Amino acid sequence: MPALWIKNGRVIDPAAKRDETGDVFAVDGRIVPSLPPAERKRAEALDARGLVVCPGLVDIHVHFREPGQTHKENIQSGARAAAAGGFTTVVCMPNTSPPVDNAGTLQLVNAAAAKAVVRVLPTACITVGMKGQQLAPHGPLKAAGAVALTDDGLCVQSNELMRRAVEYARMFDLPVLDHCQDDSLTDKAVMNEGVVSTRLGLKGWPHAAEDIIVARDIILSHYSGAHIHLQHISSALSVELIRRAKRDGVRITAEATPHHLALTEEALATYDTNFKMNPPLRTEADRQARIAGVKDGTIDCIGTDHAPHSPDEKDREFDYAPNGIIGLETALPVTLGVLVGEARLKLPRVVDLMTRRAAEVLRLPAGTLAPGAAADVCVFDPVERWTYHAAQGFSKSRNSPWDGRTVTGRVRATVVGGRVVYTAEGGFA
Ligand SMILES: [Zn+2]
Ligand SMILES: [Zn+2]
């Protein structure tokens, strides 16, 4: 593999406190501080003039549907969607068919991940079959490569079982990722509970159902010392509970999705199922609370919750359509639009949320361009306006609320291990 020379970009590497116009070099898959002139001549060169050069983006929350539902996505297609969105490391959820609740299934995921165009890291279930009744074998799952435990899509309802789960997880030094939902409050619910759900005649999912589990997890983390990461936080009260718990030194972290940062329940007025997700889109006040949580560090990182579903599944009556949307190819522009365009955060802060801080939550060796680090790089144009067409994307599914919409900020090239795997002009080599 030739050396790589990314020239004259705005290099933003928050982990190394770097923000300057300059070059990035890689040899044998690793970042190096410089290249001798003779080697520069032979290096593969990438002109990044006018572009941002940052660590490859990290997403700790994706659903790649393999094994079992590969008509929606598989690890290969999901990884290509990730690369096209600037992501070089993604963490996939274990709610596949069958679920990843044993080392054998996890090895299948690992085998497919080894052939993927970006780094795909597996998680494993908290409970057997995600049934919330019996703990999965956490030790063998860690030994097989699980980077965290989660029943995402579902939430362990028994506090007693969740207590044991987080105690085991702590023993095995594994973070637990929780999808916070009290099922007793959300039976048949399809959107946020409030005036809009009443107007639309749809069954509501009260934010209290999230808040109760967030509070439960804070208490269990405080009690056990286990690290619990709260996924896709949607409610203003949950943000406040997390803020107070962090102030008290509790070992919790939290993520927000681009769609919860950008959209509210008002988007459901047309009953478009591409706005149906779990947790649901909420009120403008909730959205503002999430943005404030990102600003003050209460929310640690952005996670897409990329959730592919086929058109025949999504094109159903609202009550019957599955939850979730794809998000990898639009995450960067949507997040930039909200956090830089609207909330006036500086660009390096947003890069930080999508690189170093996401990696830190799961202690992954990613998210920096420091010498010696893996040469995983995202090159993007922060001001390019372009129209996203899901049908032209790389996911197998098209369930995106941004299909046909014009967004600002476009990935121009993605580098994994020193190799240019994707460019906006040429797609995948
Ligand atoms: Zn979830
Ligand atoms: Zn999810």
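As the structure is a computational prediction, the values presented were derived from the model and not from experiment. Whatever order the structure lists them in is the order used to number ligands and atoms, beginning at 1.
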Task: Contact check: H232 to the Zn ion (ligand 1), N/O/S below 2.8 Å - done: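 Within the cut-off used here (under 2.8 Å), H232 does place an N, O or S atom near the Zn ion (ligand 1).
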Task: the Zn ion (ligand 1) to nearest N/O/S of D305 less than 2.8 Å - done: no
Task: Nearest to the Zn ion (ligand 2) - the N/O/S atom of D152, by atom name - done: OD2
- [ ] Look at the N, O or S atoms of H61, main chain and side chain alike, and state whether any lies under 2.8 Å from the Zn ion (ligand 2).
- [x]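 For H61, the answer is yes, given that an N, O or S atom comes within less than 2.8 Å of the Zn ion (ligand 2).
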TODO: Mark yes or no: R163 above the aromatic ring of Y223, with NZ or CZ under 6.0 Å from the six-membered ring centre and no more than 45 degrees from the axis.
DONE: no
TODO: Taking the Zn ion (ligand 1) as the reference point, name the nearest N/O/S atom of H179.
DONE: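 Considering only N, O and S atoms, H179 comes nearest to the Zn ion (ligand 1) through ND1.
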Open item on the list: Under the side chain to side chain donor-acceptor pair (under 3.5 Å) test against N95, which residue among H179, Q69, H63 passes?
Closed with: H63
Is it the case that the side chain of [X] and the backbone of [Y] share a donor-acceptor pair, with hydrogens and angles ignored and the cut-off at 3.5 Å?
| X | Y | result |
| --- | --- | --- |
| D211 | L237 | no |
| R349 | V294 | yes |
| K72 | K396 | no |

